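In what follows, a single structure is set out as C-alpha coordinates and then discussed.
Throughout, a chain's letter reflects where its sequence line sits, starting with A, and its residues are numbered from 1. Just so it is clear, the structure is predicted and the values come from calculations on it, not from any experiment.
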There are 2 protein chains.
Amino acid sequence: MFIRCASCPLRRRPAFRQKSDEEVRFIETLKTEHLRLPEGADIILPEQDDAELFTVFSGWVFRYKELSDGRRQILNFALPGDLIGLQASLFEKALHGAVALTDVELCVIPRRKLWQLYEKMPEVAYDVTWLGAQTVALVDENLLSAGRRNAAERIAALVASLYKRMETLGAVRDNSMPFPLTQQHIADALGLSLVHTNKTLAKLKSSGLFSIADGRLTLDNPRAVGRLAQHFEKDIAPRPII
Amino acid sequence: MFIRCASCPLRRRPAFRQKSDEEVRFIETLKTEHLRLPEGADIILPEQDDAELFTVFSGWVFRYKELSDGRRQILNFALPGDLIGLQASLFEKALHGAVALTDVELCVIPRRKLWQLYEKMPEVAYDVTWLGAQTVALVDENLLSAGRRNAAERIAALVASLYKRMETLGAVRDNSMPFPLTQQHIADALGLSLVHTNKTLAKLKSSGLFSIADGRLTLDNPRAVGRLAQHFEKDIAPRPII
DNA sequence: CGATGACTTGAATCCCGTCAACGTCCGTGG
DNA sequence: CCACGGACGTTGACGGGATTCAAGTCATCG
(Lines give C-alpha, C1' and ligand atoms only; values in the text may rest on other atoms or scores of the structure.)
Protein backbone atom coordinates (compact mmCIF):
# COMPACT_ATOMS: atom_id res chain seq x y z
CA MET A 1 0.00 0.00 0.00
CA PHE A 2 1.46 3.31 -1.10
CA ILE A 3 0.17 6.66 0.05
CA ARG A 4 0.68 9.46 -2.42
CA CYS A 5 2.02 12.65 -0.92
CA ALA A 6 -0.50 14.63 -2.93
CA SER A 7 -3.28 12.93 -1.05
CA CYS A 8 -1.48 12.59 2.29
CA PRO A 9 -3.86 13.31 5.16
CA LEU A 10 -1.03 14.01 7.58
CA ARG A 11 0.47 16.93 5.71
CA ARG A 12 -2.84 18.71 5.46
CA ARG A 13 -3.14 19.10 9.20
CA PRO A 14 -2.75 22.61 10.59
CA ALA A 15 0.35 21.48 12.46
CA PHE A 16 2.26 21.64 9.20
CA ARG A 17 3.18 24.33 6.74
CA GLN A 18 1.25 23.75 3.55
CA LYS A 19 3.52 23.23 0.59
CA SER A 20 3.03 24.10 -3.07
CA ASP A 21 1.79 21.42 -5.44
CA GLU A 22 5.14 21.49 -7.16
CA GLU A 23 6.98 20.78 -3.94
CA VAL A 24 4.62 17.99 -2.98
CA ARG A 25 4.99 16.39 -6.41
CA PHE A 26 8.75 16.58 -6.04
CA ILE A 27 8.69 15.06 -2.58
CA GLU A 28 6.63 12.24 -4.01
CA THR A 29 9.43 11.41 -6.44
CA LEU A 30 11.77 11.07 -3.47
CA LYS A 31 9.52 8.74 -1.55
CA THR A 32 10.14 5.18 -2.66
CA GLU A 33 8.22 3.27 -0.08
CA HIS A 34 5.52 3.42 2.53
CA LEU A 35 6.83 1.11 5.21
CA ARG A 36 4.79 -0.58 7.92
CA LEU A 37 6.61 -1.96 10.93
CA PRO A 38 5.33 -3.61 14.10
CA GLU A 39 5.95 -2.36 17.59
CA GLY A 40 9.50 -3.07 18.68
CA ALA A 41 11.00 -3.23 15.19
CA ASP A 42 14.45 -1.77 14.66
CA ILE A 43 14.35 1.14 12.25
CA ILE A 44 17.99 2.12 12.52
CA LEU A 45 20.63 -0.05 14.10
CA PRO A 46 23.59 1.52 15.88
CA GLU A 47 26.58 1.40 13.53
CA GLN A 48 24.36 0.77 10.52
CA ASP A 49 26.04 2.18 7.41
CA ASP A 50 23.13 2.23 4.98
CA ALA A 51 20.28 3.67 6.98
CA GLU A 52 17.64 5.53 5.01
CA LEU A 53 15.84 8.73 5.81
CA PHE A 54 12.32 8.40 7.19
CA THR A 55 9.38 10.61 7.88
CA VAL A 56 7.15 9.20 10.58
CA PHE A 57 3.68 8.90 9.07
CA SER A 58 1.93 7.29 12.01
CA GLY A 59 2.94 5.90 15.37
CA TRP A 60 5.79 6.72 17.71
CA VAL A 61 9.53 6.13 17.31
CA PHE A 62 12.42 6.67 19.68
CA ARG A 63 16.11 7.23 19.07
CA TYR A 64 18.57 5.83 21.62
CA LYS A 65 22.20 5.24 22.46
CA GLU A 66 23.56 2.59 24.74
CA LEU A 67 26.70 1.61 26.62
CA SER A 68 28.31 -1.79 26.30
CA ASP A 69 26.92 -3.05 29.61
CA GLY A 70 23.36 -2.41 28.49
CA ARG A 71 22.65 0.96 30.02
CA ARG A 72 20.39 2.69 27.53
CA GLN A 73 19.53 6.34 27.04
CA ILE A 74 16.56 7.34 24.93
CA LEU A 75 17.50 10.55 23.11
CA ASN A 76 14.10 11.71 21.92
CA PHE A 77 10.72 10.56 20.73
CA ALA A 78 9.61 11.13 17.15
CA LEU A 79 5.94 11.64 16.37
CA PRO A 80 4.13 11.86 13.03
CA GLY A 81 5.78 14.41 10.76
CA ASP A 82 9.16 14.08 12.40
CA LEU A 83 12.25 13.11 10.47
CA ILE A 84 14.38 10.14 11.49
CA GLY A 85 17.78 9.12 10.22
CA LEU A 86 19.18 12.42 9.01
CA GLN A 87 22.45 11.91 10.87
CA ALA A 88 22.60 8.31 9.78
CA SER A 89 22.10 9.40 6.16
CA LEU A 90 24.70 12.16 6.28
CA PHE A 91 27.40 10.30 8.18
CA GLU A 92 29.08 7.07 7.31
CA LYS A 93 27.53 5.21 10.17
CA ALA A 94 24.57 5.67 12.43
CA LEU A 95 25.70 6.88 15.85
CA HIS A 96 22.43 5.89 17.46
CA GLY A 97 19.60 3.39 17.10
CA ALA A 98 15.93 3.96 16.36
CA VAL A 99 13.06 1.67 17.33
CA ALA A 100 9.33 1.62 16.66
CA LEU A 101 7.62 2.29 19.97
CA THR A 102 4.23 1.41 18.49
CA ASP A 103 3.21 -0.06 15.19
CA VAL A 104 4.39 2.57 12.75
CA GLU A 105 4.12 3.67 9.16
CA LEU A 106 7.15 5.39 7.68
CA CYS A 107 7.72 7.26 4.44
CA VAL A 108 11.09 6.18 3.10
CA ILE A 109 13.47 8.56 1.36
CA PRO A 110 16.58 6.71 0.19
CA ARG A 111 19.78 8.27 1.43
CA ARG A 112 21.17 8.42 -2.09
CA LYS A 113 18.38 10.82 -3.07
CA LEU A 114 19.21 13.28 -0.34
CA TRP A 115 21.65 15.22 -2.46
CA GLN A 116 19.15 15.50 -5.34
CA LEU A 117 16.90 17.28 -2.97
CA TYR A 118 19.50 19.97 -2.36
CA GLU A 119 20.19 20.44 -6.05
CA LYS A 120 16.65 20.53 -7.27
CA MET A 121 14.42 21.85 -4.56
CA PRO A 122 16.11 24.27 -2.15
CA GLU A 123 12.84 24.92 -0.32
CA VAL A 124 12.71 21.29 0.68
CA ALA A 125 16.41 21.26 1.56
CA TYR A 126 15.77 24.17 3.86
CA ASP A 127 13.01 22.19 5.52
CA VAL A 128 15.33 19.25 6.06
CA THR A 129 17.73 21.54 7.87
CA TRP A 130 14.84 22.96 9.85
CA LEU A 131 13.79 19.52 10.97
CA GLY A 132 17.38 18.70 11.90
CA ALA A 133 17.49 21.81 14.05
CA GLN A 134 14.20 20.73 15.59
CA THR A 135 15.84 17.51 16.72
CA VAL A 136 18.63 19.48 18.35
CA ALA A 137 16.02 21.50 20.22
CA LEU A 138 14.35 18.35 21.53
CA VAL A 139 17.60 16.74 22.62
CA ASP A 140 18.76 20.00 24.20
CA GLU A 141 15.65 20.01 26.33
CA ASN A 142 16.15 16.39 27.33
CA LEU A 143 19.75 17.10 28.26
CA LEU A 144 18.58 19.92 30.48
CA SER A 145 16.25 17.43 32.15
CA ALA A 146 18.79 14.68 32.65
CA GLY A 147 21.46 17.10 33.83
CA ARG A 148 19.62 19.57 35.99
CA ARG A 149 16.08 18.52 36.85
CA ASN A 150 15.11 16.18 39.68
CA ALA A 151 12.99 13.12 39.07
CA ALA A 152 9.59 14.78 39.46
CA GLU A 153 10.58 17.71 37.28
CA ARG A 154 11.91 15.40 34.59
CA ILE A 155 8.67 13.49 34.39
CA ALA A 156 6.66 16.70 34.33
CA ALA A 157 8.84 18.08 31.54
CA LEU A 158 8.44 14.92 29.50
CA VAL A 159 4.69 14.86 29.95
CA ALA A 160 4.37 18.55 29.15
CA SER A 161 6.44 18.25 26.02
CA LEU A 162 4.69 15.19 24.64
CA TYR A 163 1.29 16.59 25.48
CA LYS A 164 1.99 19.84 23.68
CA ARG A 165 3.28 18.04 20.62
CA MET A 166 0.33 15.68 20.50
CA GLU A 167 -2.05 18.58 20.98
CA THR A 168 -0.50 20.32 18.00
CA LEU A 169 -1.06 17.19 15.97
CA GLY A 170 -4.70 17.21 16.95
CA ALA A 171 -4.35 14.00 18.93
CA VAL A 172 -5.67 15.33 22.24
CA ARG A 173 -9.30 14.92 23.21
CA ASP A 174 -10.74 15.80 26.61
CA ASN A 175 -7.27 16.48 28.00
CA SER A 176 -6.31 12.96 27.08
CA MET A 177 -3.83 11.56 24.57
CA PRO A 178 -2.45 8.17 23.52
CA PHE A 179 0.51 7.26 25.69
CA PRO A 180 2.35 4.13 24.57
CA LEU A 181 5.40 4.48 26.84
CA THR A 182 6.17 1.86 29.45
CA GLN A 183 7.80 2.97 32.68
CA GLN A 184 11.02 1.48 31.37
CA HIS A 185 10.87 3.87 28.39
CA ILE A 186 10.26 6.80 30.70
CA ALA A 187 13.18 5.77 32.88
CA ASP A 188 15.48 5.39 29.88
CA ALA A 189 14.41 8.73 28.47
CA LEU A 190 14.96 10.60 31.72
CA GLY A 191 18.11 8.93 32.99
CA LEU A 192 16.35 7.39 36.00
CA SER A 193 16.09 3.87 37.35
CA LEU A 194 12.91 1.94 36.73
CA VAL A 195 12.06 1.70 40.41
CA HIS A 196 12.53 5.36 41.12
CA THR A 197 10.53 6.26 38.03
CA ASN A 198 7.69 4.13 39.30
CA LYS A 199 7.68 5.77 42.72
CA THR A 200 7.93 9.30 41.43
CA LEU A 201 5.24 8.63 38.87
CA ALA A 202 2.99 7.35 41.65
CA LYS A 203 3.50 10.56 43.64
CA LEU A 204 2.66 12.79 40.71
CA LYS A 205 -0.43 10.78 39.87
CA SER A 206 -1.68 10.81 43.45
CA SER A 207 -1.05 14.55 43.58
CA GLY A 208 -3.54 14.84 40.79
CA LEU A 209 -1.17 16.14 38.11
CA PHE A 210 -2.09 13.54 35.55
CA SER A 211 -3.28 9.96 35.25
CA ILE A 212 -2.37 7.08 33.00
CA ALA A 213 -4.72 4.25 32.08
CA ASP A 214 -5.39 2.00 29.12
CA GLY A 215 -2.52 3.39 27.12
CA ARG A 216 -3.73 6.96 27.50
CA LEU A 217 -2.53 9.89 29.56
CA THR A 218 -4.93 12.47 30.93
CA LEU A 219 -3.56 15.83 31.96
CA ASP A 220 -5.58 16.68 35.04
CA ASN A 221 -3.63 19.71 36.21
CA PRO A 222 -1.82 21.35 33.30
CA ARG A 223 -0.74 24.38 35.32
CA ALA A 224 0.90 22.32 38.05
CA VAL A 225 2.69 20.21 35.45
CA GLY A 226 3.85 23.32 33.62
CA ARG A 227 5.10 24.85 36.83
CA LEU A 228 7.06 21.75 37.82
CA ALA A 229 8.48 21.36 34.33
CA GLN A 230 9.25 25.04 33.81
CA HIS A 231 8.27 24.27 30.30
CA PHE A 232 6.42 27.35 29.17
CA GLU A 233 6.19 26.41 25.54
CA LYS A 234 3.61 28.44 23.74
CA ASP A 235 1.60 27.02 20.92
CA ILE A 236 3.82 25.37 18.40
CA ALA A 237 3.82 27.23 15.09
CA PRO A 238 3.19 25.27 11.89
CA ARG A 239 6.34 23.50 10.86
CA PRO A 240 7.71 21.91 7.72
CA ILE A 241 7.04 18.33 6.76
CA ILE A 242 8.90 16.39 4.11
CA MET B 1 40.16 43.41 10.64
CA PHE B 2 38.53 41.17 8.09
CA ILE B 3 39.85 37.76 7.13
CA ARG B 4 39.03 36.73 3.60
CA CYS B 5 37.75 33.21 3.26
CA ALA B 6 40.02 32.69 0.27
CA SER B 7 43.01 33.18 2.51
CA CYS B 8 41.55 31.63 5.65
CA PRO B 9 44.16 29.54 7.44
CA LEU B 10 41.54 27.55 9.35
CA ARG B 11 39.79 26.06 6.36
CA ARG B 12 43.02 24.80 4.86
CA ARG B 13 43.65 22.46 7.75
CA PRO B 14 43.31 18.75 7.07
CA ALA B 15 40.43 18.58 9.54
CA PHE B 16 38.22 20.16 6.89
CA ARG B 17 36.99 19.19 3.46
CA GLN B 18 38.62 21.47 0.94
CA LYS B 19 36.11 23.45 -1.05
CA SER B 20 36.24 24.71 -4.62
CA ASP B 21 37.32 28.29 -5.29
CA GLU B 22 33.81 29.07 -6.44
CA GLU B 23 32.31 27.87 -3.18
CA VAL B 24 34.82 29.77 -1.11
CA ARG B 25 34.16 32.95 -3.07
CA PHE B 26 30.47 32.49 -2.49
CA ILE B 27 30.89 31.90 1.22
CA GLU B 28 32.89 35.09 1.33
CA THR B 29 29.89 37.01 0.03
CA LEU B 30 27.86 35.65 2.91
CA LYS B 31 30.32 36.65 5.56
CA THR B 32 29.72 40.21 6.61
CA GLU B 33 31.93 40.50 9.60
CA HIS B 34 34.85 39.02 11.47
CA LEU B 35 33.86 39.48 15.08
CA ARG B 36 36.18 39.47 18.07
CA LEU B 37 34.72 38.97 21.50
CA PRO B 38 36.33 38.67 24.92
CA GLU B 39 36.00 35.71 27.22
CA GLY B 40 32.59 35.63 28.87
CA ALA B 41 30.80 37.62 26.18
CA ASP B 42 27.27 36.60 25.26
CA ILE B 43 27.05 35.44 21.67
CA ILE B 44 23.44 34.39 21.71
CA LEU B 45 21.01 35.27 24.46
CA PRO B 46 18.19 32.91 25.39
CA GLU B 47 14.99 34.19 23.76
CA GLN B 48 16.94 36.41 21.37
CA ASP B 49 14.93 36.87 18.18
CA ASP B 50 17.58 38.22 15.84
CA ALA B 51 20.59 36.01 16.47
CA GLU B 52 22.98 35.56 13.55
CA LEU B 53 24.74 32.48 12.33
CA PHE B 54 28.39 32.11 13.32
CA THR B 55 31.33 29.96 12.43
CA VAL B 56 33.84 29.76 15.23
CA PHE B 57 37.14 30.93 13.79
CA SER B 58 39.22 30.74 16.96
CA GLY B 59 38.57 30.08 20.63
CA TRP B 60 35.92 28.03 22.41
CA VAL B 61 32.20 28.65 22.74
CA PHE B 62 29.53 26.84 24.73
CA ARG B 63 25.79 26.59 24.25
CA TYR B 64 23.61 26.32 27.37
CA LYS B 65 20.09 26.28 28.74
CA GLU B 66 19.03 27.25 32.22
CA LEU B 67 16.12 26.95 34.62
CA SER B 68 14.58 29.93 36.34
CA ASP B 69 16.31 29.25 39.65
CA GLY B 70 19.74 29.42 38.05
CA ARG B 71 20.49 25.76 37.42
CA ARG B 72 22.47 25.73 34.20
CA GLN B 73 23.17 22.95 31.73
CA ILE B 74 25.90 23.31 29.14
CA LEU B 75 24.69 21.59 25.98
CA ASN B 76 27.92 21.33 24.03
CA PHE B 77 31.21 23.04 23.34
CA ALA B 78 31.95 24.52 19.93
CA LEU B 79 35.51 24.61 18.64
CA PRO B 80 36.99 26.27 15.56
CA GLY B 81 35.07 25.31 12.44
CA ASP B 82 31.86 24.62 14.32
CA LEU B 83 28.64 26.39 13.51
CA ILE B 84 26.69 28.29 16.18
CA GLY B 85 23.22 29.73 15.98
CA LEU B 86 21.61 27.56 13.33
CA GLN B 87 18.54 26.90 15.48
CA ALA B 88 18.39 30.51 16.52
CA SER B 89 18.51 31.56 12.85
CA LEU B 90 15.88 29.11 11.70
CA PHE B 91 13.42 29.58 14.55
CA GLU B 92 11.75 32.73 15.74
CA LYS B 93 13.61 32.79 18.99
CA ALA B 94 16.78 31.26 20.35
CA LEU B 95 15.95 28.36 22.65
CA HIS B 96 19.39 28.42 24.23
CA GLY B 97 22.23 30.80 25.00
CA ALA B 98 25.79 30.81 23.73
CA VAL B 99 28.81 32.29 25.51
CA ALA B 100 32.45 32.80 24.62
CA LEU B 101 34.45 30.49 26.86
CA THR B 102 37.72 32.12 25.77
CA ASP B 103 38.46 35.15 23.70
CA VAL B 104 36.97 34.22 20.35
CA GLU B 105 36.87 35.23 16.73
CA LEU B 106 33.68 34.52 14.86
CA CYS B 107 32.74 34.69 11.18
CA VAL B 108 29.30 36.24 10.98
CA ILE B 109 26.69 35.11 8.46
CA PRO B 110 23.54 37.22 8.78
CA ARG B 111 20.43 35.13 9.30
CA ARG B 112 18.71 36.87 6.41
CA LYS B 113 21.32 35.46 4.02
CA LEU B 114 20.69 31.90 5.04
CA TRP B 115 18.01 31.33 2.46
CA GLN B 116 20.23 32.72 -0.34
CA LEU B 117 22.62 30.01 0.46
CA TYR B 118 20.02 27.33 -0.22
CA GLU B 119 18.97 28.93 -3.49
CA LYS B 120 22.37 29.60 -4.90
CA MET B 121 24.78 27.07 -3.57
CA PRO B 122 23.28 23.70 -2.68
CA GLU B 123 26.69 22.27 -1.83
CA VAL B 124 27.02 24.78 0.96
CA ALA B 125 23.44 24.23 2.07
CA TYR B 126 24.20 20.54 2.35
CA ASP B 127 27.16 21.40 4.55
CA VAL B 128 24.99 23.53 6.81
CA THR B 129 22.70 20.56 7.34
CA TRP B 130 25.72 18.36 7.95
CA LEU B 131 26.98 20.69 10.63
CA GLY B 132 23.53 20.78 12.18
CA ALA B 133 23.52 17.00 12.33
CA GLN B 134 26.98 17.15 13.88
CA THR B 135 25.55 19.23 16.72
CA VAL B 136 22.86 16.61 17.29
CA ALA B 137 25.56 13.97 17.53
CA LEU B 138 27.45 15.97 20.15
CA VAL B 139 24.37 16.65 22.24
CA ASP B 140 23.27 13.01 21.92
CA GLU B 141 26.56 11.93 23.40
CA ASN B 142 26.26 14.44 26.23
CA LEU B 143 22.76 13.24 26.97
CA LEU B 144 24.05 9.69 27.20
CA SER B 145 26.60 10.95 29.72
CA ALA B 146 24.19 12.93 31.85
CA GLY B 147 21.58 10.18 31.79
CA ARG B 148 23.54 6.98 32.10
CA ARG B 149 27.20 7.49 33.04
CA ASN B 150 28.49 7.98 36.58
CA ALA B 151 30.64 10.96 37.50
CA ALA B 152 34.00 9.43 36.61
CA GLU B 153 32.71 8.11 33.30
CA ARG B 154 31.21 11.46 32.42
CA ILE B 155 34.47 13.26 32.98
CA ALA B 156 36.38 10.65 31.00
CA ALA B 157 33.91 10.93 28.13
CA LEU B 158 34.19 14.71 28.10
CA VAL B 159 37.97 14.62 28.15
CA ALA B 160 38.11 11.94 25.45
CA SER B 161 35.74 13.85 23.19
CA LEU B 162 37.44 17.21 23.53
CA TYR B 163 40.87 15.66 23.15
CA LYS B 164 39.91 13.89 19.95
CA ARG B 165 38.39 17.01 18.48
CA MET B 166 41.38 19.13 19.38
CA GLU B 167 43.72 16.52 17.98
CA THR B 168 41.84 16.60 14.69
CA LEU B 169 42.29 20.37 14.64
CA GLY B 170 46.02 19.91 15.10
CA ALA B 171 45.94 21.54 18.52
CA VAL B 172 47.52 18.67 20.44
CA ARG B 173 51.24 18.59 21.14
CA ASP B 174 52.99 16.05 23.37
CA ASN B 175 49.64 14.61 24.47
CA SER B 176 48.69 18.05 25.70
CA MET B 177 46.03 20.53 24.62
CA PRO B 178 44.65 23.93 25.67
CA PHE B 179 41.95 23.43 28.28
CA PRO B 180 40.08 26.61 29.19
CA LEU B 181 37.25 25.01 31.20
CA THR B 182 36.82 25.77 34.87
CA GLN B 183 35.48 23.04 37.12
CA GLN B 184 32.20 24.92 37.15
CA HIS B 185 31.99 24.54 33.37
CA ILE B 186 32.73 20.85 33.64
CA ALA B 187 30.06 20.45 36.32
CA ASP B 188 27.50 22.33 34.24
CA ALA B 189 28.31 20.31 31.15
CA LEU B 190 28.03 16.98 32.92
CA GLY B 191 25.06 17.62 35.18
CA LEU B 192 27.14 17.33 38.36
CA SER B 193 27.64 19.58 41.36
CA LEU B 194 30.82 21.60 41.59
CA VAL B 195 31.98 19.81 44.72
CA HIS B 196 31.50 16.35 43.35
CA THR B 197 33.17 17.33 40.11
CA ASN B 198 36.17 18.51 42.05
CA LYS B 199 36.47 15.30 44.03
CA THR B 200 35.98 13.02 41.06
CA LEU B 201 38.44 15.03 39.03
CA ALA B 202 40.98 14.66 41.83
CA LYS B 203 40.57 10.89 41.80
CA LEU B 204 41.05 10.60 38.07
CA LYS B 205 44.09 12.84 38.15
CA SER B 206 45.70 10.92 41.00
CA SER B 207 44.99 7.67 39.14
CA GLY B 208 47.20 9.02 36.41
CA LEU B 209 44.54 9.29 33.71
CA PHE B 210 45.29 12.90 32.87
CA SER B 211 46.55 16.09 34.44
CA ILE B 212 45.51 19.71 34.19
CA ALA B 213 47.84 22.64 34.74
CA ASP B 214 48.29 26.17 33.40
CA GLY B 215 45.18 25.97 31.27
CA ARG B 216 46.34 22.81 29.54
CA LEU B 217 45.25 19.21 29.80
CA THR B 218 47.70 16.36 29.33
CA LEU B 219 46.34 12.95 28.51
CA ASP B 220 48.63 10.61 30.44
CA ASN B 221 46.70 7.38 29.97
CA PRO B 222 44.58 7.52 26.82
CA ARG B 223 43.62 3.86 26.98
CA ALA B 224 42.30 4.06 30.53
CA VAL B 225 40.33 7.19 29.66
CA GLY B 226 38.91 5.54 26.57
CA ARG B 227 37.92 2.48 28.55
CA LEU B 228 36.16 4.49 31.23
CA ALA B 229 34.43 6.66 28.66
CA GLN B 230 33.50 3.81 26.33
CA HIS B 231 34.17 6.39 23.71
CA PHE B 232 35.80 4.47 20.92
CA GLU B 233 35.70 7.22 18.36
CA LYS B 234 38.05 6.57 15.52
CA ASP B 235 39.84 9.33 13.75
CA ILE B 236 37.43 12.02 12.74
CA ALA B 237 37.06 12.24 8.95
CA PRO B 238 37.44 15.64 7.28
CA ARG B 239 34.25 17.59 7.70
CA PRO B 240 32.64 20.59 6.05
CA ILE B 241 33.30 24.14 7.11
CA ILE B 242 31.27 27.18 6.10
C1' DC C 1 45.85 44.61 51.04
C1' DG C 2 41.17 43.70 50.83
C1' DA C 3 38.42 41.57 47.22
C1' DT C 4 37.34 38.27 43.97
C1' DG C 5 37.37 33.91 41.50
C1' DA C 6 38.95 29.25 41.20
C1' DC C 7 40.00 25.28 43.57
C1' DT C 8 39.96 22.01 47.95
C1' DT C 9 38.37 19.47 51.65
C1' DG C 10 35.34 17.48 55.34
C1' DA C 11 30.83 16.43 57.24
C1' DA C 12 25.97 15.75 57.05
C1' DT C 13 22.19 14.72 54.31
C1' DC C 14 19.30 12.91 50.75
C1' DC C 15 17.84 11.67 46.37
C1' DC C 16 18.13 8.01 43.77
C1' DG C 17 19.93 3.26 42.56
C1' DT C 18 20.09 -1.54 43.66
C1' DC C 19 18.20 -5.72 45.47
C1' DA C 20 14.40 -8.41 46.29
C1' DA C 21 9.81 -9.77 46.37
C1' DC C 22 5.22 -9.69 44.98
C1' DG C 23 0.96 -8.66 42.10
C1' DT C 24 -1.52 -8.41 37.76
C1' DC C 25 -2.60 -9.22 33.23
C1' DC C 26 -2.39 -11.95 29.21
C1' DG C 27 -1.19 -15.28 25.78
C1' DT C 28 0.21 -20.09 25.21
C1' DG C 29 -0.18 -24.82 25.40
C1' DG C 30 -0.59 -29.21 27.89
C1' DC D 1 -9.44 -25.60 32.43
C1' DC D 2 -5.49 -24.41 34.62
C1' DA D 3 -0.46 -24.30 34.90
C1' DC D 4 3.17 -21.68 33.19
C1' DG D 5 5.97 -17.92 31.74
C1' DG D 6 6.78 -13.34 30.39
C1' DA D 7 5.92 -8.37 30.35
C1' DC D 8 4.75 -4.72 33.13
C1' DG D 9 3.82 -2.47 37.34
C1' DT D 10 4.27 -1.93 42.59
C1' DT D 11 6.39 -1.77 47.11
C1' DG D 12 9.85 -2.02 51.02
C1' DA D 13 14.57 -2.16 52.73
C1' DC D 14 19.12 -0.75 52.24
C1' DG D 15 23.16 1.43 50.60
C1' DG D 16 25.75 4.67 48.11
C1' DG D 17 26.77 8.19 44.81
C1' DA D 18 25.90 12.75 44.60
C1' DT D 19 24.23 17.27 46.61
C1' DT D 20 24.46 20.68 50.04
C1' DC D 21 26.58 23.30 53.65
C1' DA D 22 30.58 25.16 55.44
C1' DA D 23 35.28 26.57 55.68
C1' DG D 24 39.59 27.36 54.10
C1' DT D 25 43.69 27.81 50.67
C1' DC D 26 45.79 29.97 46.90
C1' DA D 27 46.58 32.94 43.14
C1' DT D 28 45.43 37.34 40.77
C1' DC D 29 44.23 42.13 40.65
C1' DG D 30 42.71 46.98 41.22
Only one of B/Gln48, B/Glu66, B/Glu47, B/Lys65 forms a side chain to side chain contact (heavy atoms under 4.5 Å, CB included) with B/His96, so which one is it?
-> B/Lys65

Closest non-hydrogen atoms of B/Leu101 and B/Glu39, given as atom of the first, atom of the second and distance, are O-CG, 3.4 Å

Which ones in residues 177-204 of chain A lie close to DNA chain D, meaning a heavy atom under 4.0 Å from one of its atoms?
-> A/Thr182, A/Gln183, A/Val195, A/Asn198, A/Lys199

Carboxylate-amine/guanidinium contact A/Asp188 A/Arg71, below 4.0 Å | no

Taking NZ, NE, NH1 and NH2 as the nitrogens, is one of them in A/Asp49 or A/Arg111 under 4.0 Å from a carboxylate oxygen of the other?
-> no

Min side-chain heavy-atom separation A/Cys107-A/His34 under 4.5 Å | yes

Using a 4.5 Å cut-off on heavy atoms from C-beta on, say whether the side chain of A/Asn142 contacts that of A/Phe77.
-> no

Using only heavy-atom distances, determine whether the side chains of A/Asp220 and A/Ser211 contain a donor-acceptor pair under 3.5 Å.
-> yes

A/Asp140-B/Gln87 side chain donor-acceptor pair, cut-off 3.5 Å = yes

Whole angstrom value for the distance that separates [atom2] of [N] from [atom1] of [X]:
X        : N      : atom1 : atom2 : value
A/Glu153 : C/dC16 : CD    : C1'   : 14 Å
B/Ile155 : C/dC7  : CD1   : C1'   : 14 Å
B/Arg71  : C/dC15 : CZ    : P     : 13 Å
A/Arg149 : D/dT19 : CZ    : C1'   : 19 Å
A/Asp69  : C/dT18 : CG    : P     : 10 Å

CG/B/Asp174: more than 12 non-hydrogen atoms of other groups inside 6.0 Å = no

Residues, nucleotides or ligands: over 12 heavy atoms within 6.0 Å of A/Asp214 CG | no

Strictly under 3.5 Å: I want the nitrogen or oxygen pairs between protein and nucleotides 23-26 of chain C, one per line.
none

I'd like a list of close polar pairs between nucleotides 26-29 of chain D and the protein, N/O only, cut-off under 3.5 Å.
none

Mapping A/Lys205 and A/Gly147 to their closest nucleotides on DNA chain D, which lands nearer the 5' end?
-> A/Lys205

Would B/Thr32 and B/Glu52 count as a side chain to side chain contact (heavy atoms under 4.5 Å, CB included) if you check the C-alpha gap in whole Å, the side-chain angles of each, and the deciding distance to 0.1 Å?
-> CA-CA 11 Å; B/Thr32 53; B/Glu52 311 285 20; over 6 Å; no

